[in-house]
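Here the structure comes first, spelled out in structure tokens, and everything after it is commentary.
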Amino acid sequence: MNENSIDESKDEVTEENDLDLSEITDESEDSIADDSEDSTTEESDLGLRENLAKKMNIVLAGKARGRKTAKDVFDKDKVLEAVFDKSTVMILSRFINNGIISYVNGAIGAGKESQMYWAVDPSGQDLAVKIYLVTTSNFKKRYPYLIGDPRFTRIKRGTRSLVELWAKKEFRNLSKSFNFEIPCPEPITVVKNILIMKFVGVNGVPSPTLVESEVDYTDYEKTIEIISDLYQKAELVHADLSEYNIFKTENGPVVFDFGSAVDIRHPKTKEFLERDISNITRFFVKRGLTVDNPIDVFKRVTK
């Protein structure tokens, strides 16, 4: 993990001070602002985005010269998708200029709240770039996972602020889990609504999830072990765990999507933990396995 990771010893923090990203700057920093503060017209916004897209194509093509064409490296049409507002494009450009990303190969997944892209760093290592959508209203449903978490005592209003806080929250949860050697994607950095982590998969193809795989009792045991280690070591509850956000790899299950994860001091910790255990139990039972009673699992995890 790079220098942008969080110092977990400073557990009592607010949204404003839980990350220090001041070292990632460029001459365009002052141009990055919320859409609500932008006084330009929609037409001029589109023109700016097109110019940024062209600039990114040039930069990306230069970084990957000899390996890919500009169109192969980053398709301008993809930059103009809804996910790529001008702030997002500027941040991606900064990642490139600072050597965190060399080029982006394309989309590998999409959801209601975010889109995932496969990128490559200067050393040739695959990265996953998670871009949270700043235009979605789904994040308003996420307040129960923020309110009550003592790590976040002040929550700004507005969709963009909430989305950016959610990205920081997932990075923080991943960092803490990874530091306790819990199987999860290794976080690299986060800026505003963009989270970068190491890619779990091969050649741009993500590892299959449990729901896409043949599973056995060992997979069940290791998944319950992850739930237990999250609670007892990292003092976290995933709070959104299911067969859809657990990769099955050669080394065992790897959990992802940590945005919902809460500190065990959250008032709904036990409720979230019971739900996680029930979801996992239900899945493995449907696959024909005989597993432990979820009540017994809950007691073992929380003892």
Side-chain angles (χ1 to χ4, degrees), residues 1-2 5 100-101 104-111 113-121 123-131 167 170-190 195-234 236-261 273 275-292 297 301:
M1 199 185 318
N2 72 5
S5 12
I100 296 173
I101 294 175
V104 178
N105 276 315
I108 54 175
E113 298 174 349
S114 64
Q115 291 195 20
M116 191 76 73
Y117 290 81
W118 168 33
V120 178
D121 73 7
S123 68
Q125 179 172 264
D126 289 342
L127 301 175
V129 180
K130 188 172 187 177
I131 303 178
E170 177 156 16
F171 179 84
R172 186 185 180 106
N173 290 333
L174 278 171
S175 298
K176 194 169 188 180
S177 301
F178 185 80
N179 288 339
F180 280 100
E181 300 183 346
I182 292 166
C184 66
E186 179 180 350
I188 303 298
T189 190
V190 63
L195 169 64
I196 299 180
M197 53 199 139
K198 288 189 177 178
F199 189 87
V200 180
V202 180
N203 295 326
V205 179
S207 296
T209 59
L210 289 185
V211 74
E212 299 169 320
S213 308
E214 294 290 332
V215 295
D216 54 31
Y217 190 74
T218 299
D219 295 319
Y220 167 76
E221 285 185 312
K222 289 186 176 180
T223 301
I224 296 300
E225 181 180 351
I226 290 173
I227 294 174
S228 180
D229 286 345
L230 272 173
Y231 188 90
Q232 297 181 7
K233 296 179 181 180
L236 294 172
V237 173
H238 188 281
D240 192 31
L241 195 62
S242 75
E243 62 271 27
Y244 295 95
N245 49 28
I246 304 175
F247 292 124
K248 180 169 181 177
T249 72
E250 292 181 355
N251 298 319
V254 174
V255 177
F256 60 100
D257 279 348
F258 274 75
S260 296
L273 178 60
R275 187 174 65 193
D276 283 352
I277 294 172
S278 295
N279 287 343
I280 295 304
T281 300
R282 187 181 306 112
F283 167 70
F284 282 98
V285 168
K286 284 183 178 179
R287 290 298 183 91
L289 297 175
T290 301
V291 299
D292 297 339
V297 174
V301 170

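Numbering of residues begins at 1 and proceeds along the displayed sequence.
- For Glu212 and Thr209, the side-chain atoms include at least one donor-acceptor pair closer than 3.5 Å.
- In this structure, CG in Leu236 is found 11.5 Å from CG in Asp229, a value given to the nearest 0.5 Å.
- When the shell of 6.0 Å around OH of Tyr244 is examined, it contains 12 or fewer heavy atoms from other residues, nucleotides or ligands.
- Side-chain N or O atoms of Asp240 include none that pairs as donor or acceptor with a backbone N or O of Ser260 at under 3.5 Å.
- Side chain of Asn245 to main chain of Ser242: a donor-acceptor pair is present (N/O by atom type, distance under 3.5 Å, no hydrogens or angles).
- Asn105 CG to Asn203 CG: the interatomic distance, rounded to the nearest 0.5 Å, is 10.0 Å.
- The closest side-chain heavy-atom distance from Ile280 to Val297 is not below 4.5 Å.
- One distance of note links CD1 of Ile246 with CG of Asp219; it measures 9.5 Å at 0.5 Å rounding.
- For the residue pair Leu210 and Phe284, the shortest heavy atom distance occurs at CD1-CZ, 4.1 Å.
- A donor-acceptor pair under 3.5 Å is formed between the side chain of Asn279 and the backbone N or O of Leu241.
- Atom OG of Ser175 sits about 9.5 Å away from atom CD1 of Ile188, to the nearest 0.5 Å.
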TODO: Show your working on side chain to side chain contact (heavy atoms under 4.5 Å, CB included) between Met197 and Met116 and close with a plain yes or no.
DONE: CA-CA 11 Å; Met197 53 199 139; Met116 191 76 73; 4.0 Å; yes
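- Here the side chain of Arg275 pairs a donor or acceptor atom with the backbone of Ala239 at under 3.5 angstrom.
- Shortest non-hydrogen contact noted between Tyr217 and Thr290 is CE1-O, 3.5 Å.
- The closest side-chain heavy-atom distance from Tyr220 to Val215 is not below 4.5 Å.
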Open item on the list: Before you tell me yes or no, could you show the steps for Phe258 and Leu230 under side chain to side chain contact (heavy atoms under 4.5 Å, CB included), namely the whole-Å CA-CA distance, both residues' side-chain angles and the distance that decides it to 0.1 Å?
Closed with: CA-CA 11 Å; Phe258 274 75; Leu230 272 173; 3.8 Å; yes
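- Panel note: side chain Asp121, backbone Ile100; no donor-acceptor pair is recorded below 3.5 Å.
- For the atom pair CD of Glu243 and NZ of Lys248, the computed distance is 14.0 Å after rounding to the nearest 0.5 Å.
- Ring geometry for Phe256 against Phe247 counts as parallel: the plane angle stays under 30°, on a 0 to 90° scale with 60° as the upper cut.
- With salt bridges taken as basic N to acidic carboxylate O contacts below 4.0 Å, one links Lys130 and Glu170.
- Side chains of Thr249 and Asn251: a donor-acceptor N/O pair is absent below 3.5 angstrom, by distance only.
- Nearest heavy-atom pair, Gly204 versus Ile108, reported as atom, atom and distance to 0.1 Å: O-CG2, 3.5 Å.
- Using a 4.5 Å heavy-atom cutoff, the side chains of Val237 and Asp276 are in contact.
- You'll find the side chain of Phe178 stays beyond 4.5 Å of the side chain of Pro185, heavy atoms only.
- Checking side-chain atoms of Asn173 against main-chain N and O of Lys176 turns up no donor-acceptor pair under 3.5 Å.
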Open item on the list: Before you tell me yes or no, could you show the steps for Val120 and Leu127 under side chain to side chain contact (heavy atoms under 4.5 Å, CB included), namely the whole-Å CA-CA distance, both residues' side-chain angles and the distance that decides it to 0.1 Å?
Closed with: CA-CA 6 Å; Val120 178; Leu127 301 175; over 6 Å; no
Task: Stepwise side chain to side chain contact (heavy atoms under 4.5 Å, CB included) check, Thr223 with Phe283 - done: CA-CA 12 Å; Thr223 301; Phe283 167 70; over 6 Å; no
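- Here the CG atom belonging to Asn179 is positioned 9.0 Å from the CD atom belonging to Glu186, to the nearest 0.5 angstrom.
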